[in-house]
Protein chains: 2
Amino acid sequence: MNRADQDACRAWQLLMKFFFAQRGHLPASGAEFDLSPIQCHVLHLIEPGRPLPMSRLADTLSCDASNVTGLVDRLESRGLVRRRPSPRDRRVKVLHLTPTGARLRARLLRQMAGRSLPLSRLSLDQQRTLVKILEALVDEK
Amino acid sequence: MNRADQDACRAWQLLMKFFFAQRGHLPASGAEFDLSPIQCHVLHLIEPGRPLPMSRLADTLSCDASNVTGLVDRLESRGLVRRRPSPRDRRVKVLHLTPTGARLRARLLRQMAGRSLPLSRLSLDQQRTLVKILEALVDEK
DNA sequence: AATATATAGTTGACTTTATCAACTATATGC
DNA sequence: GCATATAGTTGATAAAGTCAACTATATATT
């Protein structure tokens with residue numbers, strides 16, 4: 001294994017660790033919101049006023065479409081999210097937050113950004129560098 | 001929400017995105033090894049010659065001990081891992097890799113390093129910075 | 001236009017992941 | 001010795017995840 005591979009390996013291992021460590025912090029907020037880590041993430045991905053097709057969600061989560069059906073079922077039954085048929089393509093259903101969902105999402109974000117988050121260990125500089133690197137990685141625009 | 005919170009939020013969102021994107025690459029290898037993402041991670045955490053108490057595993061994964069029982073059951077039934085009573089404390093069971101498990105782990109690491117292509121988008125400098133920042137995040141060392 | 005093919009989402013059967021409460025066995029503190 | 005804490009298992013249960021089969025729309029080809 002060459003040097004670059006080692007870095008890649010290491011980064012992956014650290015990400016996994018981060019993910020699970022982060023998960024450990026969620027229950028503290030989760031007790032309040034009663035959301036699983038994945039539900040948090042889904043809520044996070046649906047930005048207010050920016051409806052998200054279910055297929056895109058499956059894509060982002062790298063999971064089967066039928067799994068998304070279940071995830072959305074549970075969120076919808078709690079009144080956080082709603083499905084709407086797309087006017088452009090009637091096969092597509094887009095997800096949008098209900099007012100309750102948007103409120104919960106906002107509270108959730110505040111919590112996550114708050115001191116329960118290990119991210120606060122980083123300096124502002126580091127946080128910005130991290131964001132830049134991750135943006136390059138995820139190839140967002 | 002202030003500026004620092006926004007950065008933290010953004011970083012978190014990107015980390016989660018990256019994590020799931022990365023996870024999407026696993027099944028490709030998983031098809032070969034038939035390991036779930038979590039099983040991969042557990043195998044990753046048990047370093048050869050460095051037996052791991054089950055309680056520490058539960059700790060690292062931030063999950064209930066009974067969950068670890070199941071995870072280890074499945075890995076053990078496939079001959080990748082074995083439980084051994086600790087000589088110091090007879091309540092404790094330490095996990096160690098079987099030769100098969102060690103071999104699989106090595107192949108897995110090679111695969112993951114090869115497949116985590118997005119990392120190759122980064123310069124070597126950026127890769128190292130990322131590793132450093134992630135280390136600070138998970139508070140290793 | 002008619003037919004073929006591809007895509008979005010759901011359903012049903014099934015496995016894995018995860019939690020909680022209750023239990024066994026061992027350690028540790030007084 | 002007795003109380004209390006800790007490590008791990010078991011059983012019940014729910015959520016997360018996959019796959020194959022299905023419905024309904026879209027799009028592409030002839």
Side-chain angles (χ1 to χ4, degrees), chain A residues 16 19-28 30-31 33-43 45 51-78 80-96, chain B residues 16 19-20 23-43 45 51-78 80-96:
Chain A
M16 293 293 284
F19 179 74
F20 283 102
Q22 189 63 11
R23 239 158 88 122
H25 293 212
L26 278 182
F33 301 125
D34 197 32
L35 289 173
S36 74
I38 298 92
Q39 288 177 328
C40 286
H41 188 46
V42 170
L43 222 55
L45 289 172
L52 188 69
M54 296 186 61
S55 51
R56 263 192 63 67
L57 188 51
D59 216 47
T60 308
L61 298 178
S62 313
C63 74
D64 195 81
S66 59
N67 191 25
V68 172
T69 298
L71 288 172
V72 172
D73 279 353
R74 283 178 288 267
L75 288 173
E76 196 171 31
S77 78
R78 291 185 46 185
L80 303 175
V81 152
R82 232 174 288 158
R83 292 174 229 235
R84 262 201 216 139
S86 160
R88 328 175 109 225
D89 183 336
R90 291 195 313 204
R91 294 171 300 180
V92 172
K93 293 183 189 163
V94 293
L95 304 171
H96 64 107
Chain B
M16 293 298 280
F19 176 77
F20 279 102
R23 220 161 103 125
H25 294 210
L26 278 183
S29 336
E32 186 180 343
F33 302 126
D34 198 32
L35 290 173
S36 72
I38 298 92
Q39 287 177 328
C40 286
H41 188 46
V42 170
L43 221 55
L45 289 172
L52 189 69
M54 296 187 63
S55 52
R56 262 192 61 67
L57 188 51
D59 216 47
T60 309
L61 298 178
S62 313
C63 74
D64 195 83
S66 60
N67 191 24
V68 171
T69 298
L71 289 171
V72 172
D73 279 353
R74 283 178 290 267
L75 288 173
E76 195 171 31
S77 78
R78 291 185 46 185
L80 303 174
V81 152
R82 232 174 288 156
R83 291 175 230 234
R84 261 203 217 137
S86 161
R88 328 175 106 224
D89 185 336
R90 291 194 314 205
R91 293 170 302 176
V92 173
K93 293 181 189 165
V94 292
L95 303 171
H96 66 108

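Protein chains get the first letters and strands the later ones, always in sequence-line order, with residue 1 at the start of each. These numbers come from a predicted model, not from an experiment.
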Output the single nucleotide from C:dG9, D:dA7, C:dT16 whose closest atom is nearest the side chain of B:Arg74.
C:dT16
Between C:dG9, D:dA15, D:dT9, which one does the side chain of A:Met54 approach most closely?
C:dG9
Quick one: [X] [atom1] to [N] [atom2], roughly how many Å, whole number?
X: B:Gln39; N: D:dG17; atom1: CD; atom2: P; value: 14 Å
X: B:Asp73; N: C:dT15; atom1: CG; atom2: C1'; value: 14 Å
X: B:Leu95; N: D:dT9; atom1: CG; atom2: C1'; value: 14 Å
X: B:Asp64; N: D:dA12; atom1: CG; atom2: P; value: 17 Å
X: B:His41; N: C:dT16; atom1: NE2; atom2: P; value: 19 Å
X: A:Leu35; N: D:dA14; atom1: CG; atom2: P; value: 18 Å
X: B:Asp34; N: C:dT16; atom1: CG; atom2: C1'; value: 12 Å
X: A:Asn67; N: C:dA8; atom1: CG; atom2: P; value: 17 Å

Pick base, sugar-phosphate or nothing for A:Asp89, based on heavy-atom distances below 4.0 Å to the nucleic acid.
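The residue A:Asp89 makes sugar-phosphate contact but no base contact.
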Contact class for B:Thr69 vs. all strands (heavy atom < 4.0 Å): base, sugar-phosphate, or nothing?
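If one applies the 4.0 Å heavy-atom cut-off, B:Thr69 turns out to touch a base.
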Return no unless some side-chain N or O of [X] is found under 4.0 Å from OP1 or OP2 of [N].
X: B:Arg90; N: C:dA27; answer: yes
X: A:Arg56; N: C:dA8; answer: no
X: A:Ser66; N: C:dG9; answer: no
X: B:Ser36; N: C:dT17; answer: yes
X: A:Arg88; N: D:dA26; answer: no

Quick one: are the ring centres of A:His41 and B:Phe20 less than 6.0 Å apart?
yes
Heavy-atom closest contact ([X] atom, [Y] atom, distance):
X: A:Met54; Y: A:Val72; value: CE-CG2, 4.0 Å
X: B:His96; Y: B:Pro51; value: CB-CB, 4.2 Å
X: B:Asp34; Y: B:Arg78; value: O-NH1, 2.6 Å

Set out, in order, the CA-CA distance, both residues' side-chain angles and the distance that settles side-chain contact (heavy atoms from CB on, under 4.5 Å) for B:Arg84 and B:Lys93, then state yes or no.
CA-CA 5 Å; B:Arg84 261 203 217 137; B:Lys93 293 181 189 165; over 6 Å; no
Side chains of B:Leu45 and B:Leu61 in contact at under 4.5 Å (non-hydrogen atoms)
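Yes, at least one pair of side-chain atoms sits under 4.5 Å.
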So for the helix from C:dA1-D:dT30 to C:dC30-D:dG1, with five pairs setting each end axis, what is the inter-axis angle to 10°?
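Taking the rotation axis at each end, their angle is 30°.
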Only one of A:Leu75, A:Val42, A:Val81 clears side chain to side chain contact (heavy atoms under 4.5 Å, CB included) with A:Leu95; which?
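The passing option is A:Val81.
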If you assign each of A:Arg91 and A:Leu71 to its closest nucleotide in DNA chain D, which residue comes earlier from the 5' end?
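It is A:Leu71 whose nearest nucleotide is closer to the 5' end.
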Quick one: do A:Arg83 and A:Val94 satisfy side-chain contact (heavy atoms from CB on, under 4.5 Å)? Show the steps, please.
CA-CA 6 Å; A:Arg83 292 174 229 235; A:Val94 293; over 6 Å; no
